[in-house]
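Since the structure comes first, as structure tokens, the remarks are kept for the end.
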Amino acid sequence: MTSEQRKGIARKWWECHVPRVDITRLLEISDEELDMILSEQSEPEPEGADA
């Protein structure tokens with residue numbers, strides 16, 4: 001699994017209210033890594049930015 005895949009999965013699970021401890025355990029990442037992933041802003045979609 002790539003780093004980008006882990007980031008995407010972590011964000012999706014967080015949105016689905018998966019407990020932090022489960023995300024870090026299942027993706028084998030630290031709490032600090034999860035904090036960094038969740039604090040990163042996704043690139044805004046140009047199509048929907050002004051709509």
Side-chain angles (χ1 to χ4, degrees):
M1 182 180 303
T2 68
S3 176
E4 288 304 312
Q5 288 172 318
R6 278 192 182 94
K7 287 179 182 181
I9 293 169
R11 288 185 190 113
K12 178 56 75 177
W13 286 353
W14 186 254
E15 291 170 9
C16 294
H17 307 286
V18 173
R20 170 181 284 270
V21 66
D22 291 336
I23 296 172
T24 57
R25 180 175 51 85
L26 293 169
L27 294 179
E28 299 176 345
I29 59 176
S30 68
D31 277 337
E32 293 80 17
E33 287 174 295
L34 182 57
D35 286 340
M36 287 175 43
I37 290 168
L38 297 176
S39 68
E40 292 174 357
Q41 294 296 320
S42 299
E43 292 292 321
E45 296 181 20
E47 302 86 30
D50 296 341

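Residues: numbered from 1 along the sequence shown. Note that the structure is a prediction, hence the values are computed from the model and not measured.
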Electrostatic pair Lys7:Glu40 at N-O distance under 4.0 angstrom: yes

Contact check, side chains of Glu32 and Met36, non-hydrogen atoms, under 4.5 Å: no

What side-chain donor-acceptor pairs closer than 3.5 Å can you find for residues 18-29, not counting sequence neighbours?
unit_1: Arg20; atom_1: NH1; unit_2: Asp35; atom_2: OD1; d: 3.1
unit_1: Arg20; atom_1: NH2; unit_2: Asp35; atom_2: OD1; d: 2.9
unit_1: Asp22; atom_1: OD1; unit_2: Arg25; atom_2: NH2; d: 3.3
unit_1: Thr24; atom_1: OG1; unit_2: Arg20; atom_2: O; d: 3.2
unit_1: Thr24; atom_1: OG1; unit_2: Val21; atom_2: O; d: 3.1

Nearest atoms (heavy-atom pairs only) where Ala10 meets Leu38: O-CD2, 4.5 Å

